[in-house]
Amino acid sequence: MDYLSHLNPPQREGVENLEGPTMIIAGAGSGKTRVLTYRIAHLITTKNIDPFSILSLTFTNKAAKEMRDRIERVVGTDARNLWMGTFHSVFARILRAEADKLGYPSNFTIYDTEDSKSLIRAIVREMGLDDKIYKQNVVYSRISGAKNNLVSWQNYMNNSVYVSEDEQAQKPKMGAIYKEYVQRCFRSGAMDFDDLLFNTNVLFRDHLDVLNKYQQRFKYVMIDEFQDTNISQYLITKRLSAVNQNICIVGDDAQSIYAFRGANIQNILNFEKDYPDLRVIKLEQNYRSTQNIVNAANSVILKNSAQLKKNIWTQNDDGELVHLIKSTSDNEEGRLVASSIFEDKNNKKLENKDFAILYRTNSQSRAMEEALRKSSIPYRIYGGLSFYQRKEIKDLLAYLRFTINHNDEQSFRRIINLPKRGIGASSVDKIVVSAFENDLGIWEGLQKSQRVLPNRAANAVDNFVTLIKTFKIRLGKSDAYDTAAFIAKQSGLLKELYDDKTIEGLNRYENVQELLNAIKEFVDDEQQEDKSLEAFIADVALLTDADNEDKDNNDHVNLMTIHSAKGLEFKHVFIVGMEEDLFPSQMMLNSRADLEEERRLFYVALTRAMEKVTLSYALTRYRFGRLKNCEPSRFIEEIDPAYIKVDRKFNRSEPMGALNNGGGSSVYAKNLVAQRKTERKAVPPGKKLHTPSPDFAPSDTRSLDTGMKVEHPKFGFGEVKKMDVQGANRKATIEFENFGEKTLLLTFAKLRIME
DNA sequence: ACGGCTATGTTTTTT
DNA sequence: ACATAGCCGT
């Protein structure tokens with residue numbers, strides 16, 4: 001095979017060593033994906049292995065897609081039959097096929113995090129517990145942690161460690177909530193993200209015939225980013241490959257950045273114990289980055305205590321030193337980054353897509369965005385709120401989900417009174433409680449709920465049931481698009497959005513149309529055999545925006561969190577917000593292990609770069625709506641000074657900037673605020689939906705002032721008579737043509753400013 | 001039941 | 001800054 005000649009000896013060994021357990025420790029930029037790709041290609045083309053019997057697991061949709069594309073380029077359309085995807089998507093598929101063994105319907109709903117948390121909140125309330133103590137986030141991560149360690153609710157309640165921890169934390173009912181949560185999911189025919197893995201383990205543990213079937217099918221198992229797997233995932237793959245023993249894991253302990261959700265570096269060490277004749281291959285040559293970047297990154301990761309021994313090196317040129325930019329504010333940081341991109345683009349003949357701006361938290365994207373927009377540099381933000389997580393999209397999806405699975409409690413709660421049909425919260429609770437008391441699912445309970453409801457609500461429920469029944473009939477006869485469009489229309493959702501003429505309302509309407517378009521595309525896709533709505537909905541919960549990426553394969557600067565940059569590379573990388581408490585994050589300073597994870601995250605960020613890294617920090621930054629002083633990150637100092645170009649004035653221990661007189665009273669701070677406001681004033685053109693913020697000062701006449709003509713969705717046209725301040729809120733008194741004078745709190749008012 | 005308004009919490013990352 | 005849960009009055 002000609003591709004073998006492009007590989008160095010350890011890479012080649014990784015490709016050719018196909019039989020038996022193999023562990024590839026792949027340093028950053030060492031050609032890991034290339035080895036995995038060729039390895040699969042090698043199996044198919046030279047060993048004549050049926051792609052259908054190769055299972056390749058990744059961590060993110062992005063990685064899965066990337067891998068599939070690359071393999072397709074080498075072996076052609078055969079690659080389509082590969083079992084390749086994220087853990088969650090692959091095992092969701094298997095669980096649907098085997099659902100009956102576990103007592104689930106094959107069209108079970110997948111609850112996303114939001115669904116899970118809102119179910120937990122409902123349970124906590126029903127149990128009469130204090131939701132200040134049993135916070136949904138805390139309960140959720142507790143349950144999630146247990147599931148990822150394969151601790152069922154039964155085991156949880158019998159486990160003295162868990163129980164005493166909960167008692168210590170004054171949360172003795174945690175086990176009971178876990179139990180109720182699991183049972184409610186089961187009744188709803190729903191699995192959360194963790195269940196997809198947990199239940200696969202149960203399936204393989206309790207149904208040896210099923211396990212055996214998949215063991216026979218998957219002759220070769222490969223796992224990418226193994227350092228990020230949790231115990232639940234590890235055990236699945238261990239079981240699957242127990243017979244053939246053809247398991248190949250690829251990973252890098254230095255890039256483990258998901259411990260917070262149960263990933264366990266121990267898995268790599270356990271692996272050596274579980275497979276005594278394990279072949280270990282180390283890829284240590286970095287092909288991606290310059291000497292300086294590799295050295296800088298190495299010097300950082302050296303500060304961590306636990307790691308496997310390896311020596312990452314490169315033959316590449318020295319390249320530029322790591323740069324450091326200091327700014328006075330988050331907005332200035334944006335401007336400096338934007339102008340730096342602008343210069344490098346000209347000087348080095350680079351394209352926009354050669355640049356990436358990486359940050360710790362999604363909220364940091366804002367300042368960057370603004371600066372790039374002003375400099376007319378095209379950009380694209382990855383991650384953040386997914387299209388599928390938007391409220392209007394989730395609403396329609398809830399209708400679709402409920403039509404498919406009539407017992408899905410969360411979808412039911414979402415749509416039962418949407419649009420308003422006179423079934424309020426108390427009625428909904430009555431329905432749910434009476435259903436479960438009579439040991440019925442939501443659907444049956446709903447139809448027998450008349451007794452417990454007042455007449456008006458009972459009538460409304462009747463109509464709702466009839467409506468869903470007509471959807472169900474349509475579902476059996478039509479394809480996904482036809483059904484979805486029918487539901488969108490008949491449910492009244494589309495009309496409600498259409499009637500909302502605010503800018504936001506228009507946006508929401510368009511988003512729903514876009515979802516319908518996506519379903520249309522799905523139906524028109526010739527490769528798609530099953531065109532039913534069930535097939536479309538099956539793993540919508542597992543989708544991210546990654547699939548829409550090639551729609552505009554334009555040339556743009558890439559903005560994303562460091563986490564979502566994993567596995568990617570760019571010529572120039574900006575790591576912004578290099579400030580103590582932000583990166584490393586405040587919340588990760590409690591233990592040494594946490595700090596080391598942050599350091600690995602920094603390592604990941606540095607090693608994304610091919611030619612140049614620029615670090616940047618700001619002296620002040622808006623956080624929680626307040627201007628805060630910042631200190632440069634300790635990570636900056638951890639880079640060996642030989643590889644970084646530091647401003648001579650840089651000294652971390654000395655507070656920097658003019659804001660050290662505590663509080664925001666200094667002239668400097670005032671200037672900053674003033675500067676910020678003038679900046680903002682320049683941005684929005686007059687005709688824009690006005691959703692002002694609480695800190696919107698009365699003197700700031702950015703977009704609303706007396707004398708202006710406005711439109712209100714309900715009151716129609718009017719003229720602003722008076723502006724006023726009430727506490728932190730701004731009020732406007734408006735004379736409406738048809739409704740007379742009204743005083744509105746601008747924090748909530750939906751006004752359109754007319755030209 | 002519902003809409004207007006206030007108070008409160010959140011911001012670490014992803015499936 | 002922004003969303004949302006929940007209170008209160010209708």
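For the numbers below, each heavy atom of this structure counts, side chains included, while hydrogens, waters and symmetry mates do not. Throughout, protein chains are lettered first and strands after them, A, B, ... in sequence-line order, and every chain is numbered starting at 1.
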Original post:
Nearest of B:dT13, B:dT15, C:dA1 to any side-chain atom of A:Arg366?
Top reply: C:dA1

Subject >> B:dT13 OP1/OP2 closer than 4.0 Å to side-chain N/O of A:Ser564 >> reply: no

Subject >> Residue list, salt bridge (Lys or Arg N to Asp or Glu O under 4.0 Å) with A:Glu579, at least two apart or on another chain >> reply: A:Arg621

Original post:
Given that A:Phe87 and A:Ser427 both sit by DNA chain B, which one's nearest nucleotide is further toward the 5' end?
Top reply: A:Ser427

Original post:
Which residues pass the ring-ring contact (aromatic ring centres under 6.0 Å, His included) test with A:Tyr134, sequence neighbours left out?
Top reply: none

Original post:
Listed by chain and number, what are the ring-ring contact (aromatic ring centres under 6.0 Å, His included) partners of A:Phe583, not counting sequence neighbours?
Top reply: A:Phe602, A:Phe635

**OP:** Identify whether any heavy atom of A:Ala457 sits under 4.0 Å from a base atom; if not, whether one sits that close to sugar-phosphate; answer base, sugar-phosphate or nothing.
**Re:** nothing

Original post:
Which of the following nucleotides, B:dT15, B:dA1, B:dT14, is nearest to the side chain of A:Asn362?
Top reply: B:dT14

Original post:
Within the pair A:Asn417 and B:dA1, is there a side-chain N or O less than 4.0 Å away from OP1 or OP2?
Top reply: no

**OP:** Verify whether one side chain among A:Asp330 and A:Tyr622 offers a donor that lies under 3.5 Å from an acceptor in the other.
**Re:** no

**OP:** Mind checking A:Phe59 for me? I need base, sugar-phosphate or nothing, with any heavy atom below 4.0 Å counting as a touch.
**Re:** sugar-phosphate

**OP:** Nearest whole angstrom, please: distance from the P of B:dG9 to the CG of A:Asp130.
**Re:** 12 Å

Original post:
Whole Å only: how far is the NZ atom of A:Lys117 from the P atom of C:dA3?
Top reply: 17 Å

Original post:
To the nearest Å, how far apart are A:Asn148 CG and B:dT13 P?
Top reply: 18 Å

Original post:
For the side chain of A:Arg360, counting heavy atoms from C-beta on, which of B:dT15, B:dT13, B:dA1 is nearest?
Top reply: B:dT13

Original post:
In whole angstroms, how far is the C1' atom of C:dT4 from the CD atom of A:Gln136?
Top reply: 10 Å

Original post:
C1' atom, B:dT13 versus C:dT4: distance in rounded Å?
Top reply: 23 Å

Set out, line by line, the N/O atom pairs under 3.5 Å between protein and nucleotides 6-10 of chain C.
{"unit_1": "C:dG6", "atom_1": "OP1", "unit_2": "A:Asp131", "atom_2": "OD2", "d": "3.3"}
{"unit_1": "C:dG6", "atom_1": "OP2", "unit_2": "A:Arg125", "atom_2": "NH1", "d": "3.0"}
{"unit_1": "C:dG6", "atom_1": "OP2", "unit_2": "A:Arg125", "atom_2": "NH2", "d": "3.2"}

**OP:** Assign each of A:Ser363 and A:Thr113 to its nearest nucleotide of DNA chain B by heavy atoms, then name whichever residue's nucleotide is nearer the 5' end.
**Re:** A:Ser363

Subject >> Residue A:His88, side-chain atoms from C-beta onward, closest of B:dA1, B:dT15, B:dT13 >> reply: B:dT15

Original post:
What pairs with A:Glu114 under salt bridge (Lys or Arg N to Asp or Glu O under 4.0 Å), at least two apart in sequence or on another chain?
Top reply: A:Lys394, A:Arg414

Original post:
Expressed in angstrom and rounded to an integer, what is the separation of A:Glu114 atom CD from C:dT4 atom C1'?
Top reply: 11 Å

Subject >> Candidates B:dC2, B:dT13, B:dT15 - which lies nearest the side chain of A:Lys420 >> reply: B:dC2

**OP:** Measure the distance between the ring centre of A:Tyr258 and the centre of the six-membered base ring of B:dT13, then answer whether it is under 5.5 Å with planes under 30°.
**Re:** no

Subject >> Nucleotide of B:dA1, B:dT13, B:dT15 approaching A:Arg456 most closely (side-chain heavy atoms) >> reply: B:dA1

Original post:
Does OP1 or OP2 of C:dA3 have a side-chain N or O of A:Lys391 closer than 4.0 Å?
Top reply: no

**OP:** Give the rounded distance in Å between these two atoms: CD of A:Glu598 and C1' of B:dT11.
**Re:** 13 Å

Subject >> A:Phe226-A:Tyr234 aromatic ring centre distance below 6.0 Å >> reply: yes

Original post:
So, are A:Lys495 and A:Asp499 salt-bridged, with charged N and O less than 4.0 Å apart?
Top reply: yes

**OP:** State whether A:Ser585 places a side-chain N or O below 4.0 Å from either non-bridging phosphate oxygen (OP1 or OP2) of B:dT11.
**Re:** no

Original post:
Which part of the nucleic acid, if any, lies within contact of A:Arg623, taking any heavy atom under 4.0 Å across all strands shown: a base, the sugar-phosphate backbone alone, or nothing?
Top reply: nothing

Subject >> By salt bridge (Lys or Arg N to Asp or Glu O under 4.0 Å) - contacts of A:Glu638 (at least two apart) >> reply: A:Arg599

Original post:
Rounding to a whole Å, what distance do you find between A:Asn137:CG and B:dT14:P?
Top reply: 15 Å

Original post:
Roughly how many Å is it from CD in A:Gln233 to C1' in B:dT15, rounded to a whole number?
Top reply: 9 Å

Original post:
Does the distance from a Lys or Arg side-chain N to an Asp or Glu carboxylate O, for A:Glu369 and A:Arg366, drop under 4.0 Å?
Top reply: no

**OP:** Mark yes or no for a side-chain to base donor-acceptor pair under 3.5 Å between A:Ser89 and B:dT15, with no hydrogen or angle criteria applied.
**Re:** no

